[in-house]
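Excluded from the calculations below are hydrogen atoms, water molecules and symmetry mates; all remaining heavy atoms, backbone and side chain alike, are included. Throughout, a chain's letter reflects where its sequence line sits, starting with A, and its residues are numbered from 1.
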Amino acid sequence: MQNTNFSDEFNRESMRSLEKNASDDIQEKIIEALLFGCALISVFTTFGIVFIIFRVTFEFFQEVSLAQFFLDTKWTPLFAQKHFGIWPLINGTFLTTAIAMLVAIPLGLCSAIYLAEYASPKAAAILRPAVELLAGVPTVVYGYFALLFVTPVLRQFLPIEIFNALSAGLMMGIMISPTVGSISLDAIQSVPRSLREGAYAIGVTKLETIIKVVLPAALSGIAASIILGISRAVGETMTVLIAAGQEPRISLNPFQSVETMTAYMAQISGGDSPRGSANYNTLYAVGAVLFLLTLFLNVVSHWISNRYKEKYD
Amino acid sequence: MASSISRNNPQRPSEEFSPNIEQRETTGKIFEIIFLIGLSIGLVVLAVLVFDVLKDGLGRLFTPGFLTGTPSRFADQGGIRPAIFGSILLGGLVMLIAVPIGVGAALYLEEYAPKAWWTDVIEINVSNLAGVPSIVYGLLGLGVFNYLLNFGPALLSGALTLSLLSLPVIIVTGREAIRAVPDSIRQASYGLGTTKWQTVWNHVLPYAVPGIMTGVIISVSRAIGDAASLIVVGAVSFLTFNPGLFQRFMALPIQIYTYITRPEPGFSNAAAASIIVLLLLIMVLNGGAIYFRQRFSTFK
C-alpha cells in the first residue's frame, strides 16, 4: 500500500518535469492557448446567458413594475386587459413538477436499489442502460404519448380535460426517473461494504440493512438526485407544452389544463408579438425566473453531492 | 440469549427478543419484487410507447412521398424531407462544432490546467451549464446568433445554439475518459522525447476515444431530439425546400410538434410516422458511434 503511494508521488513529480521539458516550444504554447480558448467558451456561454436574459428583463421591468409581476395573480400579457402576474405560470410549473416527482422518486429509487443490491452484475449491465434509454427519448415523443395515449386512457375513468397537468406530469416523471435513479445508484454503490457487513453480522435481513443502513448512509446523494430531478422537471418544455395546455391559472387540480413557465416561453416564441414590446419581453422575464430557479436547484444539488463525496473518500 | 435479556430487565419481561426471521425474510422477498416492479414500470411504458407509435405511424410512413416530399396542409399527403434534411444538417454541424471544442476544453482542463481558482471557476461553470434548461439556451441563441451576429432565424443559428447546449455533456464525459488514461502511457511517450502535444494527440486522445464517443452520442442524440431551443431560435413548421445554412429551417422534432398540434385527425399518424424516423435517426447515430467505439478500443 505504502509502496504504491510512494510510486504515485514519484510518478507525479517525474511527470511534471517531463512535461516541462516537452512543452518548451512556441507551437506547444499556441496549442495550449487554443485549448484554453475552448475551455473559455463555456464561461462566455454563461456570461452570454446572463447578459442577454437580464438586459431585456431589465427593459421589461422599466415598463412593468416588480409589484405587477410578483403580486398580481393573473397572467394575461396577450389580452387587451394585460396582467403580468407570474404566479399562474409558477403554479403550473409547480403542479406538473410535483406530479412528475411523485412518479420519478419511487421509480428512480426502486431501480437504484434493485440494481445496486439485488441484480446480478450481468443483469445490471443490461438493465441499467435499458432504464437509461428513457432519458434519451426526445421529449416531444413523450408529449405525443401523453396527449394521444395516456390522456385518452385516463379519460375512460377520470374526469380530466384534454390538456391536463396529470398526463404531462406522469410522462415527465417516467422521463426523469433515470436521472434520479442513476445518481442514487452511484450514492448507494459508494456506501462502504463494511457498513452492510456490520448489519448482517448482528442478524439483520437484507431489506432491513437496505432501509436502516444503506439508504440513510446514501441519503445526501439521494437528496441531490431528487433536487436535480426537480430542476429537470422545472426546465422541461415539450411534454408540458403539448400535453398540459396553455391556460395559466392558479389551481392545484391535476385534471385541469395549466401553463408552465417553459410552455409560455415556447408559446410566445412561436407567436407574432413584435420584438421589444412588453408582451414579447415577458419571454425574457419568465426566462430569467426559470434560469434563476434551475440555477438555484442545480447549485443546491451539487453542494449536497459534494458534501457526501467527501465523506467516503 | 432471550433469558439473559429478561433477567437484566426484570420489570419488562414481555419484551423478549423474538427473531421471527421467517416473517422478516418474507417481507424482504416482497420488497425485492416491489423494487423490481418499480424498475420495470419505465421499461413497460417505453415498450407501450414504441408499440403505440409504430401502430399509429407505420401505415403513414410507407405512404408514397412521406420521406421524399415536402409538407402538405392535408394530413394524408406530403412528406417530411425538409425536416429530415434539417435534422441531419443540424446533427452534422453540432458534431463539427461542439465535438472539437468540447474535447479541446476537456483536454485543457485535464492535461494543461494549473491548479488555480479560475480553473475551479471553469469547472463549476461547466457543471452548472449542464443543468440549464434547453429553452434558456434558445434565448441565448436568439440573442447572440439571430440578433447580435445577425444570422436571423437560420439553420446556422439553430446549429450553434444546439452546439452550446451539447458542450457541457461532451466536456464532462470527455474529462472522465481522459482522466482514465493511465499515466504510464504518458510517461512512455515522454520517454521517447515527444512534446506534450504529441503525447496528448498520439497517445492520450486515441486511448480516450471510446469514452469520449459515449459523451458525443449522448449529447448529439439530445441535440437532434431537442425542440424547445429551436422553437425559440425560430425554426419553422412549413418549408418547401431543403434548408441551407443561412435559410430558415425545419427539424424533425419541430415537424412532430407541428403535426401534434394540428387538430385534424390524420396528422397524429403523420406525427407518429415522423417519430419513427427521428428514433431511427438517433438509433443509427448510436449504432455508428458504438461501431467507432469498438474499432478504437482494440488496443485497450
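T294(A) and P133(B) get closest at one heavy-atom pair: OG1-CD, 3.5 Å. Contact between E28(A) and Q198(B) at its shortest, heavy atoms only, is OE2-N, 4.4 Å. Closest non-hydrogen pair, R24(B) versus V204(A), comes out as NH2-CA, 3.8 Å. Across all their heavy atoms, A105(B) and C38(A) have their closest contact at N-CB, 3.4 Å. Nearest approach of I52(A) to L139(B), heavy atoms of both residues: CG2-O, 3.9 Å. Closest approach of S42(A) and N125(B) over heavy atoms only: O-ND2, 2.8 Å.
Taking chain B as the reference chain and counting heavy-atom pairs below 4.5 Å, the highest number among T262(A), L295(A), L241(A) is found for L241(A). Per-residue counts of heavy-atom pairs under 4.5 Å with chain A were compared for G143(B), G28(B), G131(B), G225(B); the largest is that of G131(B). For chain A, the option among V136(B), I122(B), L49(B), L46(B) with the highest count of heavy-atom pairs below 4.5 Å is L49(B). Ranked by heavy-atom pairs under 4.5 Å with chain A, the list L142(B), L252(B), I254(B) is led by L142(B). Chain A forms more heavy-atom pairs under 4.5 Å with one residue of L164(B), T27(B), L109(B), V48(B) than with any other, namely V48(B). For chain B, the option among F291(A), F149(A), F36(A) with the highest count of heavy-atom pairs below 4.5 Å is F36(A). When the candidates H302(A), E208(A), K206(A), R232(A) are compared by the number of heavy-atom contacts under 4.5 Å with chain B, E208(A) comes out ahead. The greatest number of non-hydrogen atom pairs below 4.5 Å with chain A, out of I135(B), I231(B), V121(B), is found for I135(B). Comparing V299(A), I211(A), N298(A), I53(A) by how many heavy-atom pairs each has under 4.5 Å with chain B, the most go to N298(A).
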### Message
Set out, in order, the CA-CA distance, both residues' side-chain angles and the distance that settles side chain to side chain contact (heavy atoms under 4.5 Å, CB included) for L207(A) and E32(B), then state yes or no.
### Response
CA-CA 8 Å; L207(A) 177 69; E32(B) 178 176 350; over 6 Å; no
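With a 4.5 angstrom heavy-atom cutoff, L147(A) touches chain B only via side-chain atoms. Of the atoms belonging to I41(A), it is side-chain heavy atoms, and not backbone ones, that fall under 4.5 Å from chain B. For I275(B), the part lying near chain A is the side chain, with the backbone staying farther off; criterion is any non-hydrogen pair under 4.5 Å. Proximity to chain A (any heavy atom under 4.5 Å) is shown, for V233(B), by neither the backbone nor the side chain. Residue contact with chain A, scored on non-hydrogen atoms closer than 4.5 Å, involves the side chain of L167(B) exclusively. For a residue to count as touching a neighbouring chain, one of its non-hydrogen atoms must lie under 4.5 Å from one of that chain's; by this rule R275(A) touches chain B with the side chain only. Interface residue A272(B): backbone and side-chain heavy atoms are both found under 4.5 Å from chain A. Proximity to chain A is limited to the side chain of I282(B), based on heavy atoms less than 4.5 angstrom apart. Heavy atoms of Y259(B) lying under 4.5 Å from chain A are absent altogether. Using a 4.5 Å cut-off between heavy atoms, L228(A) does not touch chain B at all. In this structure, chain A has heavy atoms under 4.5 Å from both the backbone and the side chain of S268(B). V137(A) touches chain B through its side chain: at least one heavy atom from C-beta onward sits under 4.5 Å away, while N, CA, C and O do not. For a residue to count as touching a neighbouring chain, one of its non-hydrogen atoms must lie under 4.5 Å from one of that chain's; by this rule F145(A) touches chain B with the side chain only. The part of M238(A) that comes within reach of chain B is its side chain, from C-beta onward, which places non-hydrogen atoms under 4.5 angstrom from that chain. For I37(B), no part lies under 4.5 angstrom from a heavy atom of chain A. Proximity to chain B is absent for every atom of M175(A), based on heavy atoms less than 4.5 angstrom apart. Using a 4.5 Å cut-off between heavy atoms, L35(A) contacts chain B through both its backbone and its side chain. Heavy atoms of L129(B) lying under 4.5 Å from chain A belong exclusively to its side chain.
Paired with L39(B) under the rule side-chain contact (heavy atoms from CB on, under 4.5 Å), one option of L109(A), L127(A), I113(A) passes, and it is L127(A). Of the listed residues (L278(B), I224(B), I256(B)), just one forms a side-chain contact (heavy atoms from CB on, under 4.5 Å) with P138(A), and that residue is L278(B).
Within a 6.0 Å sphere centred on CH2 of W118(B), other residues, nucleotides and ligands contribute more than 12 heavy atoms. Within 6.0 Å of atom CG in L149(B), more than 12 heavy atoms from other residues, nucleotides or ligands are found, so the atom counts as buried in its surroundings. More than 12 non-hydrogen atoms from other residues, nucleotides or ligands lie less than 6.0 angstrom from OH of Y147(B). Around atom OH of Y280(A), more than 12 heavy atoms belonging to other residues, nucleotides or ligands sit under 6.0 Å away. The number of heavy-atom neighbours closer than 6.0 Å to CZ of F51(B), taken from other residues, nucleotides and ligands shown, is 12 or below.
In this pair, Y118(A) and F35(B) present their aromatic rings tilted. The plane angle is within the 30 to 60° band.
Put simply, the side chain of Y144(A) reaches to within 4.5 Å of the side chain of D52(B), judged on heavy atoms.
Between the E25(B) side chain and the T205(A) main chain, no donor and acceptor come within less than 3.5 Å of each other.
The OG1 atom of T139(A) sits 11.5 Å away from the OH atom of Y257(B) when rounded to the nearest 0.5 Å. If you take OG1 on T45(A) and CG on N128(B), they are separated by 12.5 Å, rounding to the nearest 0.5 Å. Remark: I41(B) CD1 to L134(A) CG distance equals 11.5 Å, nearest 0.5 Å.
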